[in-house]
Amino acid sequence: MAENIISQPEESKGLNFVEQIVADDLKAGKNGGRLNTRFPPEPNGYLHIGHAKAICMDFGVAEKFGGTCNLRFDDTNPVKEDVEYVDSIREDIHWLGFDWGDREYYASDYFPQLFDLAVRLIKEGKAYVDDQSSEEIAAQKGTPTVPGVNSPYRDRSVEENLDLFTRMNAGEFPEGSHVLRAKIDMASSNMHFRDPIMYRIIHHPHHRTGNRWHVYPMYDFAHGQSDYFEGVTHSICTLEFVPHRPLYDYFVDELADESYRPRQIEFNRLNLTYTVMSKRKLLQLVKEGLVAGWDDPRMPTISGMRRRGFTPLSIRNFIDTIGYTKYEALNSVALLEYAVREDLNRIATRGMAVLDPVKVVITNYPEGQSEMVEMENNPENPADGSHEMPFSREIYIERDDFMENPPKKYFRLAPDAEVRLKGAYIIKCTGVKKDVDGRVEEIYCTYDPDTRSGLPGSQRKVKGTLHWVAADTAVDATVRLYDRLFNVENPAAETERDFREMLNPDSLRIVEGVKVEPFLARSASQGAKFQFQRIGYFTPDYDSTPDNLIFNRTIALKDSWEKAQKK
RNA sequence: UGCCUUGUGGUGUAAUGGUAGCACGUCGGAUUCUGGUUCCGCCUGUGAGGGUUCGAAUCCUUCCAAGGCAACCA
């Protein structure tokens with residue numbers, strides 16, 4: 001047990017309800033004034049944004065009051081678990097900025113003590129071995145409104161129960177043939193009290209204990225006791241465990257006394273609009289190869305978001321914003337995106353890339369000539385300095401940034417119109433060349449040499465400013481555009497069909513001039529069934545580009561433009 | 001028709017018997033070497049009824065609504 005005695009919290013305002021409970025317990029001197037939480041993932045998948053909320057709570061409350069937080073892998077079901085997941089979980093928690101020090105534990109470490117407790121309960125007549133099938137047991141359980149009936153094996157002798165349980169663990173029986181149940185109350189209004197199963201037989205090897213055990217404890221018979229063995233004082237979990245709490249307390253009663261007892265507290269889990277959060281479905285995506293892996297940038301996993309360009313701070317700020325309550329909220333994804341934009345806008349190094357290029361020839365710029373222009377790295381923070389970009393006679397701009405017949409209030413390039421090329425010159429469109437299909441192939445412009453950025457002539461104002469890259473030095477990179485998985489029509493859609501339709505990876509070609517970093521734009525492709533939002537979602541092809549290649553603004557401009565058009 | 005949990009603007013969250021505030025969002029305006037960013041402004045709320053109280057989002061009560069609980073998952 002840890003020896004983290006903490007000082008009394010002086011102020012109780014500004015606390016969420018969990019922190020308030022913790023503060024009250026500390027004030028009352030419970031558990032000798034110790035505070036110890038735990039984050040208990042089952043290593044059966046990668047952590048997602050929902051887990052990030054739990055991590056921020058478990059580690060955050062410990063940090064706030066000077067307590068400690070354990071990392072405990074809840075590995076009581078060897079069939080689903082794997083060391084690959086253990087490793088990823090460690091990495092993701094660290095990435096979020098939390099540390100469990102040397103307090104890394106496993107529920108499987110407590111198998112011997114749990115087994116001993118089970119034996120004790122058998123001897124005290126509080127547990128029995130049931131030989132029925134899961135179907136029979138389920139049928140006897142009744143329904144929430146109809147009481148259950150007792151198992152015919154409920155009153156077996158202690159000797160027989162002991163013998164059977166021992167042989168269950170010795171591997172003498174096939175899976176499903178026997179279970180160990182707690183003898184409580186088959187008529188309880190709480191379904192979890194209707195003789196819950198404590199142990200089941202599993203012959204699948206465990207990722208840590210191998211074939212040592214043939215019986216494995218169920219969650220309800222493992223969690224509270226594990227908390228107790230570890231010295232956990234506050235076991236914070238999500239709302240779906242509320243009905244389990246009486247059972248948690250029931251088993252803890254067998255161990256705890258006045259001086260120390262762990263306490264379960266529940267908060268609301270994270271729901272995000274348009275976002276699939278079910279571990280089962282995420283696993284299905286991975287298994288069926290519909291995504292490149294758990295860390296595919298389209299996934300709502302922590303590792304996926306990391307690859308998408310999200311920052312740990314933005315995720316933590318977001319979680320801070322949505323808070324912890326007992327109300328099952330559906331949080332707007334706009335809140336998350338705001339947090340990401342907010343942080344990225346502050347720290348991201350800007351660069352330019354053209355996603356859908358069209359060539360512009362500056363006819364009065366000398367052939368073969370080129371020059372370097374200066375671009376600031378981050379307008380939000382001049383201390384970040386600047387970098388140089390080559391400018392020459394032929395450049396690329398976005399196809400969207402030119403219109404042959406522009407409506408009023410179109411501030412970008414059009415015949416006879418002037419725009420500024422960001423960081424370079426003001427240019428004027430003098431003509432276009434089209435292919436046989438009437439598609440614009442090249443745009444011809446003249447530039448005004450006096451208007452180079454930084455020169456006195458640069459004071460001249462034009463309405464539009466465009467990003468660009470020099471054609472001869474541009475790097476041609478294939479970049480996949482990863483859009484978040486979601487369905488515009490139904491914020492909560494998770495049906496199988498919708499689910500699959502969400503998964504059409506879009507491929508885009510990008511021509512880049514400089515190295516760039518996470519971008520800050522977003523957009524919506526109008527009229528599409530599936531709306532695509534693009535906040536830092538551009539990720540280079542995994543193998544082709546070592547650095548994050550991200551573009552920043554055009555798409556947002558287009559989005560605003562579409563909105564402006566409606567007026 | 002059992003037990004448990006929860007209802008504050010469009011969304012989320014504060015107010016812990018004493019002025020219903022904040023953020024996102026929406027809409028409008030200013031600034032801008034990108035229409036982004038930044039700044040300013042507007043908008044909308046205590047599920048319903050009854051009670052206690054000088055005073056109720058908060059306490060009591062009835063009703064209404066939403067969610068959870070019947071895995072050999074966690």
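The figures here come from the full heavy-atom set of this structure, side chains too, leaving out hydrogens, waters and symmetry mates. Quick note on labels: first sequence line is chain A, next is B, and so on, each numbered from 1.
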Fill in the blank from the handout: With Tyr199(A) as partner, the option from Tyr216(A), Phe111(A), Phe173(A), Phe165(A) fulfilling ring-ring contact (aromatic ring centres under 6.0 Å, His included) is Phe165(A)
Problem - Rounded P spacing from C64(B) to U1(B) in Å - result: 14 Å
Practice task
Write down the distance between CG (Leu413(A)) and P (G35(B)), rounded to a whole number of angstrom.
Solution key: 16 Å
Fill in the blank from the handout: Any strand, both distances under 3.5 Å, Watson-Crick or G-U wobble: A74(B) pairs with none
Exercise for the section: Kindly say if Asn268(A) contacts the phosphate of U13(B), meaning a side-chain N or O under 4.0 Å from OP1 or OP2. Expected result: yes
Practice task
From the options Arg154(A), Arg181(A), Lys183(A), select the one residue that forms a side-chain hydrogen bond (donor to acceptor under 3.5 Å, both in side chains) with Asp195(A).
Solution key: Arg154(A)
Exercise for the section: Check the distance between U11(B)'s P and Leu330(A)'s CG and give it to me in whole angstrom. Expected result: 10 Å
Exercise for the section: Determine the contact category for Phe318(A): base if any of its heavy atoms lies under 4.0 Å from a base atom, sugar-phosphate if only primed atoms, P, OP1 or OP2 are that close, otherwise nothing. Expected result: nothing
Problem - N/O (side chain, Tyr327(A)) to phosphate O (OP1/OP2, U6(B)) under 4.0 Å - result: no
Practice task
To the nearest Å, give me how far apart CD (Glu328(A)) and P (G12(B)) are.
Solution key: 12 Å
Handout entry: Span that lies between the C1' atom of A20(B) and that of A56(B), in whole angstrom
Key = 12 Å
Practice task
Taking the six-membered ring for Trp and the single ring otherwise, decide whether the centroids of Tyr153(A) and Tyr128(A) are under 6.0 Å apart.
Solution key: no
Handout entry: Residue pair Glu42(A) / Tyr219(A), side-chain donor-acceptor N/O under 3.5 Å
Key = no
Exercise for the section: Rounded to the nearest angstrom, tell me the gap between atom CG in Asn16(A) and atom P in U16(B). Expected result: 15 Å
Practice task
With Lys428(A) as the cation and Tyr447(A) as the aromatic partner, state whether NZ or CZ is under 6.0 Å from the six-membered ring centre and within 45° of the axis.
Solution key: no
Practice task
Can you tell me the distance, in whole Å, between the CG atom of Leu335(A) and the C1' atom of C24(B)?
Solution key: 5 Å
Handout entry: Base partner of C69(B), which must satisfy Watson-Crick or wobble distances under 3.5 Å
Key = G2(B)
Practice task
Send over the distance from Leu270(A) CG to U11(B) C1', rounded to a whole Å.
Solution key: 13 Å
Exercise for the section: Rounded to whole angstrom, note down the P distance from G45(B) over to G21(B). Expected result: 12 Å
Problem - Short side-chain donor-acceptor distance under 3.5 Å, Gln20(A) and Asp24(A) - result: yes
Problem - Value in whole Å for how far the P atom of C4(B) lies from CG of Asn190(A) - result: 10 Å
Practice task
Quote, to the nearest angstrom, the C1' distance that separates G28(B) from U61(B).
Solution key: 46 Å
Exercise for the section: Counting heavy atoms from C-beta on, name the nucleotide in C24(B), U37(B), C33(B) closest to the side chain of Glu380(A). Expected result: U37(B)
Handout entry: Pairwise P distance for U62(B) and U5(B), with rounding to whole Å
Key = 15 Å
Handout entry: Earlier contact from the 5' end, RNA chain B, for Gly323(A) and Pro144(A)
Key = Pro144(A)
Exercise for the section: Give one of base, sugar-phosphate or nothing for Gly423(A), where a contact means two heavy atoms less than 4.0 Å apart. Expected result: base
Exercise for the section: Please report, rounded to the nearest Å, how far the C1' atom of U31(B) is from the NZ atom of Lys463(A). Expected result: 13 Å
Exercise for the section: Kindly indicate whether the side chain of Ser453(A) and the base of C33(B) share any N or O donor-acceptor pair separated by less than 3.5 Å? Expected result: yes
Practice task
Pick base, sugar-phosphate or nothing for Ile322(A), based on heavy-atom distances below 4.0 Å to the nucleic acid.
Solution key: sugar-phosphate
Practice task
Answer with yes or no whether the side chains of Asp227(A) and Ser235(A) bring together a donor and an acceptor at under 3.5 Å.
Solution key: yes
Exercise for the section: Kindly point out which of C33(B), G12(B), A70(B) is positioned nearest to the side chain of Lys461(A)? Expected result: C33(B)
Practice task
Please state the C1' separation for the pair A65(B) and G47(B) - nearest whole angstrom.
Solution key: 7 Å
Practice task
Sticking with atom C1', work out how far G29(B) lies from C33(B), rounded to a whole angstrom.
Solution key: 22 Å
Problem - Comparing Gly464(A) and Thr321(A) on RNA chain B - which has the more 5′ nearest nucleotide - result: Thr321(A)
Handout entry: Ring centroid separation Phe17(A) to Phe267(A) under 6.0 Å
Key = no
Handout entry: Under 4.0 angstrom between Ser332(A) side-chain N/O and G25(B) OP1 or OP2
Key = no
Exercise for the section: Verify the neighbour count for atom CZ of Arg156(A): are there more than 12 heavy atoms of other residues, nucleotides or ligands below 6.0 Å? Expected result: yes
Practice task
Give a yes/no answer on whether the side chain of Lys326(A) brings an N or O atom under 4.0 Å of OP1 or OP2 in U5(B).
Solution key: no
Practice task
With heavy atoms under 4.0 Å as the rule, sort Gly45(A) into base, sugar-phosphate or nothing.
Solution key: nothing
Handout entry: Watson-Crick or G-U counterpart of G18(B), or none if no pair lies under 3.5 Å
Key = C54(B)
Exercise for the section: Once you apply the 3.5 Å cut-off to both distances, tell me the Watson-Crick or G-U wobble partner of C63(B), or none. Expected result: G47(B)
Contacts under 3.5 Å, N or O only, protein and nucleotides 71-74 of chain B:
unit_1	atom_1	unit_2	atom_2	d
C72(B)	N4	Gln132(A)	O	3.0
C72(B)	N4	Ser134(A)	N	3.3
C72(B)	N4	Gly176(A)	O	2.9
C73(B)	OP2	Arg200(A)	NE	3.1
C73(B)	OP2	Arg200(A)	NH2	2.9
C73(B)	O3'	Arg200(A)	NH2	3.1
C73(B)	O2'	Asn77(A)	ND2	3.4
C73(B)	O2'	Lys80(A)	NZ	3.1
A74(B)	OP1	Thr76(A)	OG1	2.6
A74(B)	OP1	Arg200(A)	NH1	3.4
A74(B)	OP1	Arg200(A)	NH2	2.8
A74(B)	OP2	Tyr219(A)	N	2.9
A74(B)	O3'	Asp74(A)	OD2	3.1
A74(B)	N6	His244(A)	NE2	3.0

Exercise for the section: For nucleotides G68(B) and C27(B), find the distance between their C1' atoms and express it as a whole number of Å. Expected result: 39 Å
Handout entry: Which nucleotide in C33(B), C24(B), C3(B) has an atom nearest any side-chain atom of Ser189(A)
Key = C3(B)
Exercise for the section: Examine the side chains of Lys279(A) and Asn44(A) and answer whether a donor and an acceptor come within less than 3.5 Å of each other. Expected result: yes
